[in-house]
Amino acid sequence: MKIAIIHDWLVTYAGAERVLAGLLDVWPEADLYSVIDFLSDEDRANLGGKRATTTFIQQLPKAKTHYQKYLPLMPLAIEQLDMSGYDLVISSSHAVAKGVLTGPNQLHISYVHSPIRYAWDLQHQYLHEASLDHGFKAKLARMLLHYMRMWDQRTASGVDDFVANSHFIGRRINKSYRRESTVIYPPVDTRQFTLHAAKEDYYLTASRMVPYKRIPMIVEAFSRMPDKKLVVIGSGPEMEKAKELATPNVTLMGYQSFAVLLHHMQRARAFVFAAEEDFGIAPIEAQACGTPVIAYGRGGVLETVRGIDHSEPTGVFYTEQTPESLIAAVERFEVQAHQILPETCRTSAERFSTERFRQEIKAFVDTRVREVSLLQGQDALLELPTITPLNVAQVYPTAVPMKHA
């Protein structure tokens, strides 16, 4: 069976690319496609050294550093990728990858990190953060996002099966496309983030400093708590704003190596998280180290962190992305921290291991391939063990189908 895997763009190695690496681990013989591919050699090693077949955008000026500006061309670009020679097409999509063209004799499974966030429910937030509330550029941006929204919805009909990276994204898929999905959580390499039970007297946050991560808000909250130490690891456009708000109890370390990140994550009293993420890998990595999480209680984190009221808690939630709400959560954590055990945090994190992802995604795809081949009245497309077709949730309990009215 010929297999193609399509990814939106390959510029950095972040959460979506970890899923891509997991897919390539399961199907190393698959051909890889992407709108652009500018990965460094170090990051490419995580993909088994594979290079993607790219689109015409790869050759456009400043495509490596300003690829977002070519978003209006990406629907056209992704549709030019020729998938006609493949039996199975798997798209890893948070933007346009799911829009590849496939035929009736091909199976297209789309692993969705999110429907295009800035075109759907987060449009107004993104426009505000980009200072596009008023003026000609704002009107042009809204017209573009309207076009992207229509294209995104139309191309959903070309996908045979949706896989969501969380129940939160499953609901977003249903809201945007009116399609059901199966939840298979992304892989988290819990083997690298090892348990360290002894904690020190500081809090940690680690992230790219982009607006939706709300790092300056975290810094402001701890600046109002001078008796509590905060360590911040990461860099990005919000760094200057964070520096302006920082007081002596806040240490801004900038970008650090993995070894430094691991050292601080293992020893932190708690990991502080302020983003509304689709899934959120960092809180799971912290739990793998035995470190509790203080998190904004929206999005995928509600599925990966167990609140203080749980019988086996791993963290504390706060309800608003404000310094006041975070300060209250830190105070609550300090009163009830004795209820959260490092070993419990570690056990919780292991629900999201890399091996678990490989098993669940392979079981799901194998079952769908078998079902499709039977429906077509053909021999099986792939040599598989004899398995009665099952709902993936029966094979691997953490993979849960989303059902909607």
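A quick note: this is a predicted structure, and the numbers were derived from the prediction, not measured. Just so you know, these numbers use all the heavy atoms, side chains as well, and skip hydrogens, waters and symmetry mates.
A salt bridge is defined here as a Lys NZ or Arg NE, NH1 or NH2 lying under 4.0 Å from an Asp or Glu carboxylate O, and R332 with D309 meets this definition. With respect to the salt-bridge test (charged N to carboxylate O, under 4.0 angstrom), the residues E312 and R351 do not qualify. Between R269 and E334, at least one side-chain N (NZ, or NE/NH1/NH2) sits under 4.0 Å from a carboxylate O, which counts as a salt bridge.
Residues passing the side-chain hydrogen bond (donor to acceptor under 3.5 Å, both in side chains) test with S311, sequence neighbours excluded: none. Every residue two or more places apart in sequence or in another chain that forms a side chain to side chain contact (heavy atoms under 4.5 Å, CB included) with K213 is listed here: S207, R208, V210, I215, A275, E277. Shown here are the side-chain hydrogen bond (donor to acceptor under 3.5 Å, both in side chains) partners of S110, two or more places apart in sequence or in another chain: S91. Residues that satisfy the side-chain hydrogen bond (donor to acceptor under 3.5 Å, both in side chains) test with Q106, not counting sequence neighbours, are absent from this structure. Taking A95 as the reference, D8, W9, Y118 meet the side chain to side chain contact (heavy atoms under 4.5 Å, CB included) condition, with sequence neighbours excluded. Contacts of R142 classified as salt bridge (charged side-chain N to carboxylate O under 4.0 Å, His left out), with partners at least two apart in sequence or in another chain: none. D41 pairs by the side-chain hydrogen bond (donor to acceptor under 3.5 Å, both in side chains) definition with nothing, not counting sequence neighbours. Looking at residues two or more places apart in sequence or on another chain, you find no ring pair (Phe, Tyr, Trp, His ring centres under 6.0 Å) involving F333. Annotation: side chain to side chain contact (heavy atoms under 4.5 Å, CB included) contacts of E355 (sequence neighbours excluded): S353, R358, Q359.
Between the side chains of T291 and K199, at least one donor N or O sits under 3.5 Å from an acceptor N or O. Counting only N and O atoms by type, the side chains of S92 and H7 include a donor and acceptor under 3.5 Å apart. Under the 3.5 Å distance criterion, with hydrogens and angles disregarded, no donor-acceptor pair is assigned to the side chains of T12 and E17.
Note: Y203 OH to I218 CD1 = 13.0 Å, rounded to the nearest 0.5 Å. Rounding to the nearest 0.5 angstrom, the gap separating the NZ atom in K175 from the CD1 atom in I173 is 14.5 Å. The OG atom of S93 lies 11.5 Å from the CG atom of N165; values are rounded to the nearest 0.5 Å. A distance of 4.5 Å separates OG1 in T182 from CZ in F364, rounded to the nearest 0.5 Å. Atom CD1 of I233 sits about 10.0 Å away from atom CE of M209, to the nearest 0.5 Å. Atoms CE and NE2, from M265 and H196 in turn, are 14.0 Å apart once rounded to the nearest 0.5 Å.
Counting non-hydrogen atoms of neighbouring residues, nucleotides and ligands closer than 6.0 angstrom, the NE2 atom of H263 exceeds 12 such neighbours. More than 12 heavy atoms of other residues, nucleotides or ligands sit less than 6.0 Å from atom CE of M150. The local environment of NZ in K229 is sparse, with at most 12 non-hydrogen atoms from other residues, nucleotides or ligands closer than 6.0 Å.
Judged by distance alone, the side chain of N46 and the main-chain N or O of A21 form no donor-acceptor pair under 3.5 Å. The closest donor-acceptor contact from the side chain of R18 to the backbone of T354 lies at 3.5 Å or more, if one exists at all. For the pair E285 (side chain) and F193 (backbone), a donor-acceptor distance under 3.5 Å is absent. With T205 contributing its side chain and V272 its backbone, the two residues share a donor-acceptor pair below 3.5 Å. Side-chain atoms of Y13 never come within 3.5 Å of backbone atoms of A45 as a donor-acceptor pair (strictly under, hydrogens ignored).
The aromatic ring centroids of Y177 and F162 lie less than 6.0 Å from each other.
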Between I90 and W27, is a side chain to side chain contact (heavy atoms under 4.5 Å, CB included) present by the stated rule, with each step listed? CA-CA 10 Å; I90 302 174; W27 295 284; 3.7 Å; yes

Could you please spell out the steps behind the side chain to side chain contact (heavy atoms under 4.5 Å, CB included) verdict for H94 and D278? CA-CA 10 Å; H94 58 78; D278 307 325; over 6 Å; no

Run the numbers on Y111 and V365 for side chain to side chain contact (heavy atoms under 4.5 Å, CB included), then give the verdict. CA-CA 11 Å; Y111 189 99; V365 172; over 6 Å; no

Given side chain to side chain contact (heavy atoms under 4.5 Å, CB included), test V89 with K2 step by step and report yes or no. CA-CA 9 Å; V89 174; K2 290 202 68 179; over 6 Å; no

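Within the structure, side chain to side chain donor-acceptor pair (under 3.5 Å) pairs that include any residue of residues 313-330 comprise R224-E324, Q287-T314 (at least two apart or interchain). Pairs of residues two or more places apart, or lying in two chains, that qualify as salt bridge (Lys or Arg N to Asp or Glu O under 4.0 Å) and include a residue from residues 159-169 are D161-R368.
The only option from R51, K64, R44 that meets the salt bridge (Lys or Arg N to Asp or Glu O under 4.0 Å) definition with D37 turns out to be R44. Screening L47, T54, I36 for a side-chain contact (heavy atoms from CB on, under 4.5 Å) involving L10 leaves a single residue, L47.
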List the atom pairs, donor and acceptor, that lie under 3.5 Å between side-chain atoms in residues 235-246 and the rest of the protein, sequence neighbours left out.
none

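Nearest heavy atoms, S181 versus A164: OG-CB, 3.8 Å. Pairing each heavy atom of A349 with each of I284, the nearest pair is CB-O, 3.6 Å. When every heavy atom of S223 is checked against every heavy atom of N249, the shortest pair comes out as CA-OD1, 4.3 Å.
Taking 4.5 Å as the limit, some side-chain heavy atom of V100 sits within range of a side-chain heavy atom of H108. E29 is listed as a side-chain neighbour of I3, based on a closest heavy-atom distance under 4.5 Å. Looking at S114 and F279, their side chains never come closer than 4.5 Å, going by heavy atoms from C-beta outward.
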